[in-house]
Amino acid sequence: QVQLVESGGGSVQAGGSLRLSCAASGHPYSAKYNYYMGWFRQAPGKEREGVAAIYIRGGSTYYADSVKGRFTISQDNAKNTVYLQMNSLKPEDTAMYYCAAGWGGNVFYATAYRSWGQGTQVTVSS
């Protein structure tokens, strides 16, 4: 129903910054759903983990402990876009980053999301 397209990934040195974008299109979510959008990441050989999430209706944000103080999630409702500003990047941040949208669950569990983007690669050199 909702299509998500990520962009903004790339290769940077440790300490650098990147901004990821997630553009949403398709049928809009009904106002009866308190839906959210989030960013997940998956490194080779590791489980997919939640990074940050935002409730679209209320604007509440949530972050994994590993990125607090370094990453910021935000939204631009006029552009139907969610962003992830990543500062002070570390080599351990290297992963494929995915944008997702959903409702009715815990924002840090992948099963709580209904729609997923294709992913964008982030590589941080030491």
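What you see is a predicted model, and the numbers here were worked out from it, not measured in a lab.
The hydrophobic cluster containing L18 also contains L84, counting ILVMFWY residues as joined when their side-chain heavy atoms lie under 4.5 angstrom apart, directly or transitively. Clustering ILVMFWY residues whenever any of their side-chain heavy atoms sit less than 4.5 angstrom apart, transitively, puts L4 in the very cluster that holds Y35. No single ILVMFWY cluster, assembled from side-chain heavy atoms under 4.5 Å apart, contains both Y113 and Y83.
Surrounding CD of Q118 are at most 12 heavy atoms belonging to other residues, nucleotides or ligands under 6.0 Å away.
Closest approach of C22 to M37, counting heavy atoms only: SG-CE, 3.8 Å.
Between M86 and S17 the shortest side-chain heavy-atom distance does not fall below 4.5 Å. Within the 4.5 Å cutoff, the side chain of T123 has no heavy atoms near those of the V12 side chain. A 4.5 Å side-chain heavy-atom check between V107 and Y55 finds at least one atom pair inside the cut-off. Side-chain contact between S115 and Q3 is absent, with no heavy atoms from C-beta onward closer than 4.5 Å.
Taking CG of N87 as the reference point, atom OG1 of T72 lies at 6.5 Å (rounded to 0.5 Å). Of the inter-residue distances, the one linking Q121 atom CD with S11 atom OG reads 7.5 Å to the nearest 0.5 angstrom. Between atom CG of residue N34 and atom CD1 of residue I56 there is a gap of 9.5 Å, rounded to the nearest 0.5 Å.
When each of F108, Y109, W116 is tested with F40 by the rule ring pair (Phe, Tyr, Trp, His ring centres under 6.0 Å), just one qualifies, namely W116.
Counted by atom type alone, T81 and D76 present zero donor-acceptor pairs between their side chains at under 3.5 Å.
In this structure, R48 fails the cation-pi test against W39, since its NZ or CZ atom is not both closer than 6.0 Å to the six-membered ring centre and inside 45 degrees of the ring normal.
Every residue two or more places apart in sequence or in another chain that forms a side-chain contact (heavy atoms from CB on, under 4.5 Å) with T120 is listed here: E6, L20, Y97. Checked against side-chain contact (heavy atoms from CB on, under 4.5 Å), V67 has the following partners two or more places apart in sequence or in another chain: R41, V51, Y63, A64, R70, F71.
Between K90 and D93, none of the side-chain N atoms (NZ, or NE/NH1/NH2) sits under 4.0 Å from a carboxylate O, so this pair counts as no salt bridge.
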